[in-house]
Amino acid sequence: MKKIIVTGGAGYIGSHTVVELQQAGFEVIIIDNLSNSRVEVISGIEKITGIRPHFENLDCLDYIGLDKLLKKHEGVDAIIHFAASKAVGESVEKPLLYYRNNLVSLMNLLELMPVHGIKNIVFSSSCTVYGQPDELPVSENAPIKPALSPYGNTKQVCEEIIRDTLHASKSMKAVLLRYFNPIGAHPSALIGELPNGVPNNLVPFITQTAIGLRKQLSVFGNDYNTPDGSCIRDYINVVDLAKAHVTAMKRMLDNKCEESVEVFNLGTGRGLSVLEIIDIFQKVNGVEVPHKIVGRRDGDIEKVWANPERANKVLGWTAVESIEDTLRSAWTWEKRLAEERIK
Ligand code: UFG
């Protein structure tokens with residue numbers, strides 16, 4: 001059985017990926033410091049898959065701890081590195097926290113991988129590296145634009161750190177996965193997104209407004225150069241996204257990578273506006289989302305959606321879930337959280 005370390009495996013995308021990895025027959029070791037996740041997620045994963053993943057409560061900034069852990073779990077085949085700080089706004093307030101967390105964690109892993117004979121790494125990157133692309137849909141060879149936030153910059157710099165390290169190493173391989181906007185939850189409603197405090201992202205804010213936790217959703221701007229004036233994104237189902245990691249992992253472990261660093265966009269290829277998302281959410285779930293138009297949010301990109309052709313053809317992965325089912329899953333998850341609050 002191939003052994004995979006998943007850093008940030010108790011987090012939103014991480015937990016869904018652990019489920020798919022276990023269901024595909026991989027043995028998983030989660031490393032997570034629970035800074036933005038809960039330990040109950042491990043039980044949720046166990047309930048879905050029937051397997052409790054190994055769980056190590058550790059911060060990837062802890063070099064000595066990581067070294068010990070890799071010694072303990074000898075024979076790891078690959079690492080999927082999710083663990084990172086991800087709030088754009090917070091990164092503007094606390095840039096050094098973001099640079100330290102996101103860069104040093106990655107550097108620790110890259111430094112320890114050869115020491116423990118680990119050759120493969122999958123890295124969580126973001127479409128944020130493209131900024132506002134000149135051409136849409138955006139493909140992997142589009143220019144990297146100056147980052148709009150320290151968070152965005154950490155993703156760009158992490159990609160560079162990986163490229164430089166692999167250039168020097170020769171025997172290591174990396175796959176950089178650039179996510180568009182992951183949303184929704186596992187169909188079992190046993191795992192999903194657990195935002196800390198007031199959600200920054202659109203869909204958790206919608207579900208919390210629909211359930212009554214928030215009074216009203218603010219739509220940030222309706223004066224953009226888009227058909228209805230609100231921003232456009234490529235919203236991708238989190239389970240689809242998780243499955244792409246399994247496909248990428250198999251490609252690496254089967255030695256099918258054509259280059260030492262491969263890059264893939266993970267999106268649907270379809271752009272939807274904020275107002276369209278609200279509309280579809282209300283229709284498919286039969287629930288109202290009180291909302292009002294307010295001014296633009298600083299740093300927002302007007303429109304971005306993926307050209308996923310390379311992931312489709314080369315990786316052999318395609319997003320298949322409909323936006324309707326995805327928004328249904330987000331609502332089912334929010335209702336499940338509400339039931340737990342009542343208990
Ligand atoms: N939005 C609202 N109201 C809200 C929240 C969001 O109108 O309360 C709008 C935003 O203005 C944007 C869209 O919904 O137009 C999506 O916003 P999100 O915050 O959900 O997602 P972003 O596209 O801004 O950010 C996401 C990730 C980041 C990543 C970025 C890359 O959350 O980590 O994509 O573009 F950097």
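Positions are given from 1, in the same order as the sequence printed here.
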Can you name the closest pair of heavy atoms from [X] and [Y] and give their distance?
X: Ala330; Y: Gly184; answer: CB-CA, 4.1 Å
X: Asn255; Y: Lys173; answer: OD1-NZ, 3.1 Å
X: Leu166; Y: Ala174; answer: CD2-N, 3.3 Å
X: Leu58; Y: Asp62; answer: CD1-OD2, 3.6 Å
X: Ser273; Y: Glu276; answer: N-OE1, 2.8 Å
X: Arg214; Y: Gly197; answer: NH2-O, 3.8 Å

Item to complete: Could you tell me whether Asp300 and Arg233 have a side-chain N and a carboxylate O separated by less than 4.0 Å?
Response: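 Yes, Asp300 and Arg233 are salt-bridged.
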Nearest-0.5 Å distance that lies between atom [atom1] in [X] and atom [atom2] in [Y]:
X: Ser125; Y: Ile162; atom1: OG; atom2: CD1; result: 8.0 Å
X: Glu140; Y: Glu262; atom1: CD; atom2: CD; result: 10.5 Å
X: Met249; Y: Asp77; atom1: CE; atom2: CG; result: 8.5 Å
X: Glu111; Y: Leu106; atom1: CD; atom2: CG; result: 10.5 Å
X: Glu193; Y: Ser15; atom1: CD; atom2: OG; result: 10.0 Å

Is [X] linked to [Y] within one hydrophobic cluster, defined over Ile, Leu, Val, Met, Phe, Trp and Tyr using a side-chain heavy-atom separation of less than 4.5 Å?
X: Ile79; Y: Leu176; result: yes
X: Val18; Y: Ile5; result: no
X: Val122; Y: Ile13; result: yes
X: Leu109; Y: Met252; result: no
X: Tyr12; Y: Ile48; result: yes

Counting N and O atoms only, with roles assigned by atom type, does the side chain of [X] sit under 3.5 Å from a partner on the main chain of [Y], one being a donor and the other an acceptor?
X: Asp234; Y: Phe180; answer: no
X: Glu302; Y: Gln132; answer: no
X: Gln156; Y: Lys145; answer: yes
X: Ser329; Y: Ala185; answer: yes
X: Arg178; Y: Gly267; answer: no
X: Asn102; Y: Ala84; answer: no
X: His186; Y: Ser188; answer: yes
X: Thr209; Y: Lys215; answer: no
X: Asn201; Y: Val203; answer: no
X: Asp228; Y: Ser230; answer: yes

Worksheet entry | salt bridge (charged side-chain N to carboxylate O under 4.0 Å, His left out) between Arg336 and Glu340, worked out | CA-CA 6 Å; Arg336 153 93 210 286; Glu340 299 219 330; 2.4 Å; yes
Looking at [X], I want to see if its [atom1] is surrounded by more than 12 non-hydrogen atoms of other residues, nucleotides or ligands under 6.0 Å.
X: Glu288; atom1: CD; result: no
X: Asp298; atom1: CG; result: no
X: Lys170; atom1: NZ; result: yes
X: Glu309; atom1: CD; result: no
X: Lys94; atom1: NZ; result: no
X: Arg38; atom1: CZ; result: no
X: Lys3; atom1: NZ; result: yes
X: Arg52; atom1: CZ; result: yes

Discussion item. If the condition is salt bridge (Lys or Arg N to Asp or Glu O under 4.0 Å), which residues does Glu20 pass it with, not counting sequence neighbours?
Written reply: none
List the atom pairs, with distances to 0.1 Å, where a side-chain N or O of residues 239-248 and a protein N or O form a donor-acceptor pair under 3.5 Å, not counting sequence neighbours.
unit_1, atom_1, unit_2, atom_2, d
Asp240, OD1, Val320, N, 3.4
Asp240, OD2, Val320, N, 2.9
Asp240, OD2, Glu321, N, 2.9
His245, ND1, Leu241, O, 2.8
His245, NE2, Tyr179, OH, 2.6
Thr247, OG1, Lys243, O, 3.0

Hey, are the side chains of [X] and [Y] touching, using non-hydrogen atoms and a 4.5 Å cut-off?
X: Arg251; Y: Phe264; value: yes
X: Ile301; Y: Cys231; value: no
X: Glu324; Y: Lys283; value: no
X: Ile31; Y: Leu66; value: yes
X: Trp333; Y: Leu194; value: yes
X: Ser260; Y: Arg163; value: no
X: Thr326; Y: Thr268; value: no
X: Met113; Y: Leu110; value: yes

Discussion item. For Leu70 and Val115: C-alpha separation, side-chain torsions, deciding distance, then whether side chain to side chain contact (heavy atoms under 4.5 Å, CB included) applies.
Written reply: CA-CA 9 Å; Leu70 293 175; Val115 177; over 6 Å; no
Worksheet item: Who else is in Leu97's hydrophobic cluster (ILVMFWY, side-chain heavy atoms under 4.5 Å, direct or via others)?
Response: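 Answer for Leu97: Val88, Tyr98, Tyr151.
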Practice prompt. Please lay out, stage by stage, how Ile183 and Leu327 fare under the test side chain to side chain contact (heavy atoms under 4.5 Å, CB included).
Written response: CA-CA 8 Å; Ile183 60 164; Leu327 290 173; 4.0 Å; yes
Under 3.5 Å, is there a donor on one side chain and an acceptor on the other for [X] and [Y]?
X: Asn153; Y: Tyr99; result: yes
X: Tyr130; Y: Asn265; result: yes
X: Asn307; Y: Ser139; result: no

Worksheet entry | Trace of the side chain to side chain contact (heavy atoms under 4.5 Å, CB included) decision for Tyr224 with Ile232 | CA-CA 9 Å; Tyr224 285 99; Ile232 295 179; over 6 Å; no
Item to complete: For His81 and Ile121, run side chain to side chain contact (heavy atoms under 4.5 Å, CB included): C-alpha distance rounded to whole Å, both residues' side-chain angles, the deciding distance at 0.1 Å, then the answer.
Response: CA-CA 7 Å; His81 184 43; Ile121 183 162; 4.2 Å; yes
Practice prompt. From the options Leu190, Ile42, Val19, select the one residue that forms a side-chain contact (heavy atoms from CB on, under 4.5 Å) with Lys47.
Written response: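 Single side-chain contact (heavy atoms from CB on, under 4.5 Å) partner of Lys47 among Leu190, Ile42, Val19: Leu190.
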